[in-house]
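Right, one structure below, let's go through it.
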2 protein chains.
Amino acid sequence: MSFESMPYKDKKVISIGIVRELTGLSLRQIRYYEERKLIFPDRNEKGTRRFSFSDIEKLIEIANKREEGVQTQEIRKEMKKETKPIEKKMLKEMLRGQFNAHFKNNKLM
Amino acid sequence: MSFESMPYKDKKVISIGIVRELTGLSLRQIRYYEERKLIFPDRNEKGTRRFSFSDIEKLIEIANKREEGVQTQEIRKEMKKETKPIEKKMLKEMLRGQFNAHFKNNKLM
DNA sequence: CGTGTAAGGAATTCTGACACG
DNA sequence: CGTGTAAGGAATTCTGACACG
């Protein structure tokens, strides 16, 4: 199942009210950080936001930075650097997936 | 943080609507399986249910058993057997925690 | 810039009950 | 036994806007 293969940490299943409880941030703050492209919750069909545990961890980091007086713009820049290696890893895995699919189709199936 | 120390899998943070999406079960079915003591979602202050990924996995198992015609009573019995070892493990860890706390308080603090 | 708040509407969730079987 | 459904109420979430600064 695709459900099993994805780590729970990145599944977008948490509503904004719970995120508020878990982070201590206000709804306004959470929505604003999305507006500033610091987090990227999914939306369900009717438009309500769905967050992952990763989003929550990110929000906790953001809250800490904000307490230090760092502006959202700066935080976004810092986060870009940090997520780059992850993107590279993802890309690598995607390529491997493509390769495997290709191999399967031509040699085994 | 206590947040970090607990695996995401067991955090009760998912609302019943998402559980329905993820399991394909109806709200009625999910609530009924709780009534029959097959799952144990938390409740927030206002009484709305909060499920964990573990609950969702359990529900998928339950759905499979039900398709085979197994009654909820039977499913509960089967699940009791399966969760016993986990309870033992938890108990062991709790005891170790108590021991460590005791040791710390008397010898180190 | 970052956050609070009141506003109105839409969608969610809850419980207890009746239905069928 | 297991599930559907209509009912009424309460709580959630959404957006765009005004406020302050």
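Residue numbers start from 1 in every chain, and the chains themselves are labelled A, B, ... in the order their sequence lines are given, proteins ahead of strands. Fair warning: this is a prediction, and the values are worked out from it, not measured in the lab.
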**Item:** N/O (side chain, B:T72) to phosphate O (OP1/OP2, D:dG2) under 4.0 Å
**Value:** yes
**Asked** D:dG4 pairs with which nucleotide, Watson-Crick or G-U wobble, both distances below 3.5 Å?
**Response** C:dC18
**Asked** With a non-hydrogen cut-off below 4.0 angstrom, is A:R20 in contact with a base, only sugar-phosphate, or nothing?
**Response** nothing
**Asked** Are the side chain of A:K37 and the backbone N or O of A:Q73 linked by a donor-acceptor pair below 3.5 Å?
**Response** no
**Request:** Measure the distance from CG on A:L27 to P on D:dT12 and round it to the nearest whole Å.
**Result:** 10 Å
**Request:** Side chain of A:T48 only, please: which of D:dC14, C:dA11, C:dG2 is the nearest?
**Result:** D:dC14
**Request:** Nearest-nucleotide wise, let me know which of B:R66 and A:R50 is further upstream toward the 5' end of DNA chain D.
**Result:** B:R66
**Message:** Pairing donors with acceptors under 3.5 angstrom, does anything connect the side chains of B:S52 and B:D10?
**Reply:** no
**Message:** Quick check for you: among D:dG4, C:dG2, C:dC14, whose closest atom lies nearest to any side-chain atom of B:R28?
**Reply:** D:dG4
**Prompt:** Does B:Y32 make a side-chain N or O approach to OP1 or OP2 of D:dT3 shorter than 4.0 Å?
**Reply:** no
**Message:** For a quick test of reading the model, state the closest non-hydrogen atom pair linking A:D55 to A:F51 and the distance between them.
**Reply:** OD2-CA, 3.5 Å
**Gap between atoms CD1 and P, on A:I30 and C:dG4 respectively (whole Å)** = 10 Å
**Message:** OP1 or OP2 of C:dT13 versus the side-chain N and O atoms of B:R49: is any pair under 4.0 Å?
**Reply:** no
**Complete:** Result for side chain to side chain contact (heavy atoms under 4.5 Å, CB included) between A:Y33 and one of A:R66, A:K58, A:R76 points to A:R66
**Item:** Position toward the 5' end of DNA chain C (nearest nucleotide), A:E45 or B:R43
**Value:** A:E45
**Request:** Output the single nucleotide from D:dT3, D:dG4, C:dG2 whose closest atom is nearest the side chain of B:S26.
**Result:** D:dG4
**Message:** Under 4.0 Å, heavy atoms only, any strand: does B:R31 hit a base, just the sugar-phosphate, or nothing?
**Reply:** base
**Asked** So does A:K46 get a side-chain nitrogen or oxygen closer than 4.0 Å to the phosphate oxygens (OP1/OP2) of C:dT12?
**Response** yes
**Item:** Base-pairing mate for C:dA10 - Watson-Crick or G-U, with both contacts under 3.5 Å
**Value:** D:dT12
**Request:** Please answer whether the main-chain N or O of A:S26 pairs with a side-chain N or O of A:Q29 as donor and acceptor at a distance below 3.5 Å.
**Result:** yes
**Nucleotide D:dT12, atom P - distance to CG of A:N44 in whole Å** = 17 Å
**Asked** Rounded to the nearest Å, what distance is computed from the CD1 atom of residue A:I16 to the P atom of nucleotide C:dT13?
**Response** 15 Å
**Message:** Measuring to OP1 and OP2 of D:dT12, would you say a side-chain N or O of A:S15 lies under 4.0 angstrom away?
**Reply:** no
**Request:** Among B:I30, B:L22, B:L25, B:I39, find the residue that satisfies the side chain to side chain contact (heavy atoms under 4.5 Å, CB included) test when tested with B:I56.
**Result:** B:L22
**Request:** Looking only at side-chain atoms of A:Q29, point me to the closest of D:dT13, C:dT15, C:dT3.
**Result:** C:dT3
**Asked** OP1, OP2 of C:dG2 versus side-chain N and O of A:Y33: anything below 4.0 Å?
**Response** no
**Residue closer to the 5' end of DNA chain D, A:I18 versus B:E35 (nearest nucleotide)** = B:E35
